[in-house]
Amino acid sequence: PPQNRNEIVSFDQDLILVAITSYILATLCLLNYLLARAEALRRAGVAFAIAGCGVQFYELVYRGTTTHVWPLTNLYGSLSLFAAMSVLIFLVFALRLGIWFMGGFVTALAAGFLAYALTWNEGYLPAVPALQSYWIKIHVPLVISAYASFLVAAVSSGLYLIKSYGERRLAAAASPASPELGRPGTRSIIVGDAPNLERAAASGNALALWLATLPTLAKLDVITYRIVSVGLPLLTLGIITGAWWAKEAWGAYWQWDPKENAALVSWIVYAVYMHLHTRPAWRGERSAWLCLVGFLTIVFCYLGVNIWISGLHSYKT
């Protein structure tokens, strides 16, 4: 085992590289499974995803126990947890809902964020006084888990929109004399049994054959809703615990810091999503777009504010 600090840093990065490699292999297998639906590809992809996730959690524990520094005190550590939790949350939902077709996109994003994390590896510096609190072991995992849930929800929303617009295109092509079939106001004609999709698939249309392998639009919509219904409570708890931590560290529950404001905006977007989803007129494409907008606010809150905007949560030097 590594004996000195340099060896520990090197071994830690080796573990990250193993995880990235596992996620890339998982991506290749699961994207091919999305196209070919070969069970062997799914099993291989899931095995690589589990391996990468396991290596990541081992890396976080290893780093914390060998350096005696909580591994989530910097962007390197939090991005590592974000990637691992994204894959873990996907795997949990896939076991419950059978959403293996989404896996290639989730593992690709996990690999990308994890590779980006390597650019923020500054070694193992002691945490600043404000971070030397038991709250960091509660607040940060909650928030990162919420972010990871929203990443998985964004993938399902993206697939919903791809299938929705694909079906609309097929409907318009099947009825060139009725262009109104391609308009947003008529999407209920397509969302149901999707007869145009079935006819196009039967005729050998490549797009239709692929779209037919995806769940119905209604099911994709429900999948997104269920994932967001996990992420929003986690984000709520993360904001609440962050406020308690801020009270101890800075003397006030809310500082109107850019990070706090951005987190509040993200919370509002997803709360609006959950509320509007109860209305039939807002389910489907509108909800999918709102979910994607929500994830963009999460990316800005997580990376944009921390890196580019000065504040109490900034990583700027």
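These figures come from a predicted structure and were not determined experimentally. All values below were derived from every heavy atom in this structure, side-chain atoms included, with hydrogens, water molecules and symmetry-related copies excluded.
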Below 4.0 angstrom, N of the basic side chain to O of the carboxylate: do E285 and R168 qualify?
yes
Got a salt bridge between R63 and D12, using NZ or NE/NH1/NH2 to carboxylate O under 4.0 Å?
yes
Cluster check [X], [Y]: I/L/V/M/F/W/Y, side chain < 4.5 angstrom:
X    : Y    : value
M85  : I138 : yes
L296 : I227 : no
W244 : W70  : yes
I89  : M274 : yes
I307 : L114 : yes

Geometric cation-pi criterion, R286 with W282: 6.0 Å, 45°
yes
R169 to Y165 six-membered ring, cation-pi geometry met (6.0 Å, 45°)
no
Using a 3.5 Å distance criterion without hydrogens, assess whether the side chain of [X] forms a donor-acceptor pair with backbone atoms of [Y].
X    : Y    : result
R42  : Y33  : no
T66  : Y62  : yes
H277 : R283 : no
E59  : V55  : no
Y58  : L15  : no
T73  : V69  : no
S149 : S145 : yes
E167 : S164 : no
S80  : Y76  : no
K247 : G242 : no

Can a side-chain donor-acceptor contact be found between [Y] and [X] if the only test is distance below 3.5 angstrom?
X    : Y    : answer
Q56  : Y23  : yes
T241 : W135 : no
S78  : Y302 : yes
Y134 : E248 : yes

List the steps, then state whether side-chain contact (heavy atoms from CB on, under 4.5 Å) holds for V87 with I50.
CA-CA 8 Å; V87 176; I50 293 174; over 6 Å; no
Can we call the ring centroids of Y147 and F295 under 6.0 Å apart?
no
Locate the shortest heavy-atom distance separating [X] from [Y]; write the atom from each residue and the value.
X    : Y    : answer
T297 : S266 : OG1-OG, 3.0 Å
A26  : A49  : CB-N, 3.7 Å
A263 : C301 : N-SG, 3.6 Å
S157 : T224 : OG-CG2, 3.2 Å
I99  : A94  : CG1-CA, 3.5 Å
P141 : L72  : CG-CD1, 4.0 Å

Pairwise side-chain contact, [X] with [Y], heavy-atom cut-off 4.5 Å (strictly under):
X    : Y    : result
L303 : L75  : yes
L151 : F113 : yes
F300 : V265 : no
T27  : F105 : no
W254 : N261 : yes
C29  : F48  : yes
L142 : L235 : no
Y160 : I223 : no

Rounded to the nearest 0.5 Å, what's the gap from [atom1] on [X] to [atom2] on [Y]? Could you check?
X    : Y    : atom1 : atom2 : result
L91  : R96  : CG    : CZ    : 14.0 Å
W100 : R43  : CH2   : CZ    : 11.5 Å
N121 : I16  : CG    : CD1   : 8.5 Å
K259 : N306 : NZ    : CG    : 3.5 Å
T107 : I24  : OG1   : CD1   : 9.5 Å
T216 : D221 : OG1   : CG    : 9.5 Å

For Y270 and I298: C-alpha separation, side-chain torsions, deciding distance, then whether side-chain contact (heavy atoms from CB on, under 4.5 Å) applies.
CA-CA 10 Å; Y270 283 107; I298 289 294; 3.8 Å; yes
List the steps, then state whether side-chain contact (heavy atoms from CB on, under 4.5 Å) holds for L264 with I239.
CA-CA 8 Å; L264 180 60; I239 291 174; 5.6 Å; no
Do the rings of Y116 and W120 sit parallel, tilted or perpendicular, given the 30° and 60° boundaries?
perpendicular
I would like to know whether W210 and L34 meet side-chain contact (heavy atoms from CB on, under 4.5 Å); could you show each step before the answer?
CA-CA 8 Å; W210 179 71; L34 178 63; 3.6 Å; yes
